[in-house]
Amino acid sequence: MSARLEPWQRAEIPGPKKALVISKPGVVSAIVRRAKRVLLIVGSKAMEVKTEDGDLIDSAIRLGRTGKVQVAVTGHLIGEFIRRGFKGAYTIPLFNLGDRLRDPEWEGLDGKGPYDLVLLLGFPYYYEWLLLSGLKHFAPHLRTISLGRFYQPHASWSFPNTLPEEWRGYLSKIIEDLEVSG
Amino acid sequence: MVSRKNLRWKIDEVKTSLGTFKGLEISVGRLYVEDWEEPMGPTPFPSITDLRDWDRKLLSRYRPFYMPFCDLCCLCTFGKCDLTGNKRGACGIDMATQQSRIVLLAACIGVSAHAGHARHLLEHLKEYYGEDTPLDVAMNTDLEAPNTRLVCGVRPRTIGDLEDVLDYVETQIVHLVSSCHTGQEGDNIDFESKVFHAGMLDHVAMEVADIVQIASLDLPKGDPEAPMTQIGFGTIDKSKPVIMVIGHNVLPSVDIIDYLMERNLFGEVEVGGLCCTAIDMTRYNNKMAKIIGPISWQMRFIRSGIPDLIVVDEQCIRVDVVQQAQKIGAPVIATNEKSCLGLPDRTHADPKEIVEELAEGKVPGVLILDPKKVGEVAVEAVLRIAPKRRGFKTLTREEVQEAAKRCRGCLECVRACPNTLPIQEAVKAASQGDFSKLAALYDLCVGCARCEHACPEGFPIISFMNRAAEEKIADERFNIRVGRGAVQDVEIREVGRSIVLGEIPGILALVGCANYPRGGVEVARLAEEFLKRRYIVVATGCAAMSIAMVKNEEGETLYERYPGIFDAGGLLNIGSCVSNSHISGAAIKIASIFAKRPLRANYEEIADYIYNRVGAVGVAWGAMSQKAASIAAGFWRLGVPVIVGPHGSKYRRMLLGRKEREEDWYVYDARTGRRVYVGPVPEHLFYAAETLEEAMVMVAKLCMRPNDTSKGRAIKLTHYIDLHKRYYGTLPEDLPLYVRRESDIPFTMRSEILKVLKAAGWEEGKIETPDPTLLERLIRRRA
Ligand code: SF4
Ligand code: SF4
Ligand code: SF4
């Protein structure tokens, strides 16, 4: 077990405060259901990651359609969401988003109030790692979940380094749970 | 004017033919010929706090966002201290302050590297050419040292005059480093201000380094027609003895070239360089010297087995170069006291003896601190070593395939790779005889060798890639324009107006190292995109090289397709890292020469001018070093935004604006003294982009300035909107923050944009177009 709690990029060891491991997908759906305002952030590598829906964009769109999460897209990926018929996503560069998320007064991308939970998917490993570090240290009011396949030590919760098929199953399970509970 | 540094001797008693003098005090100061009529400005030789107010103005708009690399501080024996969850360390420091302290340390290392480099050049070149060597550094130019004049308030005439300037820089660095000691600075914004100070000093240090070498070594003097030279692995003639030089300090390479010329060995020996030494060597002699490539080519070129002898000087060299070179049986000559590499010091030995030692393989390398001796030893040694190395063989395809069969599929290589490249997959494919995947990695790899160190089988993965990509490597032959040096005063006079009014949409500076997320080709794409759009594109260092390493269908590089002039659609290779000072220098010259703002020791006003009027943006797509950090900091203090590639996020601090906070984006109208809203221009000061496309859109956006005329703003918006549509597939949502009046709207997009603006509740005239300034003292008349 402990071997699986290492960061994916070996040298990216943070310090004393590390992410809790998500033992089963139900944990994520439960946390999401309990949260008031959830933001899903999708990164530039989303098209490169295959999921049971196709790729991470397809999965993110499904998550967005549950109505339980608002979707923010970084890099230049928004065009792809639009092409696939999902108009509800916001585009914002990752660190600009981080800079706002650390502000407890920030009213969110839609101006309807602060988020209390952030989910992340589809980033270069170190890029997400750094953003999560920024949030861990400077946005204590926020909880964060890394939904990617690799252990992200700065998140509040993260999967351990997981095999692709296993992880794809987990992700689908989370989406299904949220679809059911709406 | 008497320089600041006076040398004093106090002599108790001296006997001369005139008699005996007691208690005599002699005071000798270097004297400047004081012929600069401009009155002294407010901040000559500024201390570490003199520009604090200016820094705080910028830092209140661009609040630092920290992303710590480590939860701890371990800088003193109280530590390690856990700084998570708002805890403070034993010294009372909190996480934000600790992060800014680390940023300052990085910036201090950066400026020290350039100051040390400048000092080394100055001492040697003074000795060779005399301290009275005139500072003749650029054609059609009176303003020879804009950073030095602006910061220090002195007008240097000779290289010797620069000594005081360097003394100042060095003293300031001591104060800056000292403020990082446990129990000194305790506020993150004060640390950030010191980071800016380090950056400003860095541009002075770089300027000193470059103008000393331009003046003494007769490098191109701001020449838009600087000659072409060759770049690429494939340009090296392997049948000749090959000397490989690596680093940033050109002196040993100059002496190698001079020695070859003196001995009439022109054409007998190949001299190929890596990193800025290569750039500067070709500025010195474009016929004898060749550029192999950016810094990331270091390991792959050594592994190719081509170099017969390696000469390293300083900065960004692989510090295991001796061990790496031993693998190919090539000795190393270290030439700089900052990088002795454990080698025996043979500075004072007989050159013949040293050649013998090297040629006979008695030592893995030597340290020679005298550049002239390096020239002789390197050439004489390589002539003897090369014939012996003739039989040297690198891995064959069969050997790679055989080895690859032992791959355990453990993925340790991938987990070590900064770009998470699919190395394991490529090695697997090679084990089955398919080398295409390894060859594809060649373009994306930054040559760090972390994968090799991680691999439990000890595979030399870079050598694998080299073999797989051998055809590509042989074809690596491109033309690059030699580094031209500064932008001429005359060029500034001609384009200053179009830049300040916004009619040339921007100046894009492509600078920095080669830690690219997806290969150097992205830098060339960036350059081409903005050249086509008629921005001015200036480049230095590894970025200037990467731009050259892509050809179009006709086989031409961008340097062959775009002129080297400082004008719309010009592509300027300015030179090496230290030539970055000419980019800041050009911005300063726009304020001073075109706008006639007082220059002398008048930093705040000039920076305020640049910040509000000059649409310049730096992009360091592969920024890696501490020097890149201090170079960027120098641009920030001048009000020039900098974008870095995704790896640049590891500088762990961004300076980001919040465009929706209206209160952040007010300036004074210098005409009336009124505080007016100008919109978020430029939106950020330091920004990491996740993808190249994101960076392109951001470049266009960050070129906007409050001073743009309607025509200028319309041109800038055209590019911003066009790029946004192309890469994001939509109109930018923040257009209402950038369109001030209807006349700002690009003509061809008018109805589409008006519709968006109306829907967003945009009001014409809410964003004003004043004579913008952040400095109250520049208000001419109170409202
Ligand atoms: S410098 Fe301060 S925070 Fe760092 S180890 Fe020492 S006491 Fe702890
Ligand atoms: S040498 Fe290349 S492939 Fe190996 S870890 Fe570094 S970037 Fe990755
Ligand atoms: S580290 Fe070495 S053995 Fe392991 S997968 Fe990579 S190449 Fe194969």
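- For B:K650, the parts sitting under 4.5 Å from any heavy atom of chain A are the backbone and the side chain alike.
- Between chain B and the options A:P124, A:G15, A:P14, the largest number of non-hydrogen pairs under 4.5 Å is found for A:P14.
- For the options A:D99, A:I78, A:T74, A:L94, heavy-atom pairs under 4.5 Å to chain B are most numerous at A:D99.
- For the pair B:R661 and A:D103, the salt-bridge criterion is met [side-chain N within less than 4.0 Å of a carboxylate O].
- Within a 6.0 Å sphere centred on NZ of B:K428, heavy atoms belonging to other residues, nucleotides or ligands number more than 12.
- Contact annotation for residues 724-738 of chain B against chain A (heavy-atom separation below 4.5 Å, listed by residue number): B:Y727, B:Y728, B:T730.
- Taking OG1 of B:T420 as the start and CD of A:E48 as the end, the distance is 10.0 Å to the nearest 0.5 Å.
- For the pair A:S133 (side chain) and B:P68 (backbone), a donor-acceptor distance under 3.5 Å is present.
- Annotation: maximal heavy-atom pairing with chain B below 4.5 Å, among A:V73, A:L77, A:N96, A:I13, occurs at A:N96.
- Atom NZ of A:K24 sits in a sparse spot, with 12 or fewer heavy atoms from other residues, nucleotides or ligands closer than 6.0 Å.
- Interface check for chain A: of the options B:M654, B:R658, B:K659, the most heavy-atom pairs under 4.5 Å are formed by B:R658.
- Per-residue counts of heavy-atom pairs under 4.5 Å with chain B were compared for A:Y126, A:F95, A:F138; the largest is that of A:Y126.
- Between A:Q9 and B:C417, the shortest heavy-atom distance links the atoms NE2-O, 3.0 Å.
- Here the side chains of A:R100 and B:E660 are in contact, with some heavy-atom distance below 4.5 Å.
- Comparing A:G43, A:P140, A:A11, A:G98 by heavy-atom pairs within less than 4.5 Å of chain B, the highest count is held by A:G98.
- When heavy atoms are compared at a cutoff of 4.5 Å, A:T91 approaches chain B solely by way of its side chain, counted from C-beta outward.
- A 4.5 Å side-chain heavy-atom check between A:R102 and B:R63 finds at least one atom pair inside the cut-off.
- Nearest heavy-atom pair, A:H154 versus B:D71, reported as atom, atom and distance to 0.1 Å: CE1-OD1, 3.5 Å.
- Residues B:V414 and A:W8 are in side-chain contact: their nearest non-hydrogen atoms beyond the backbone lie under 4.5 Å apart.
- Contacts between B:L692 and chain A at a heavy-atom distance below 4.5 Å are absent for every atom of the residue.
- Annotation: residues 680-691 of chain B contacts chain A through B:E683, B:H684, B:Y687, B:A688, B:A689, B:E690, B:T691 [non-hydrogen atoms, separation under 4.5 Å].
- By the side-chain hydrogen bond (donor to acceptor under 3.5 Å, both in side chains) test, B:Y651 pairs with no residue at all, sequence neighbours left out.
- Here CG of B:L411 is found 10.0 Å from CZ of A:R10. Values are rounded to the nearest 0.5 Å.
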**Request:** Could you go through the side chain to side chain contact (heavy atoms under 4.5 Å, CB included) check for B:F65 and A:L131 one step at a time?
**Result:** CA-CA 10 Å; B:F65 175 47; A:L131 188 269; 4.2 Å; yes

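- Side-chain atoms of B:R415 come within 3.5 Å of backbone atoms of A:P7 as a donor-acceptor pair (strictly under, hydrogens ignored).
- Counting heavy atoms of neighbouring residues, nucleotides and ligands inside a 6.0 Å radius, atom CG of A:D110 exceeds 12 of them.
- Within residues 95-103 of chain B, the residues that have a heavy atom under 4.5 Å from a heavy atom of chain A are B:M95, B:A96, listed by number.
- Dense packing is recorded around NZ of B:K87, with more than 12 heavy atoms of other residues, nucleotides or ligands lying under 6.0 Å away.
- Per-residue counts of heavy-atom pairs under 4.5 Å with chain A were compared for B:A454, B:P64, B:A416, B:G85; the largest is that of B:P64.
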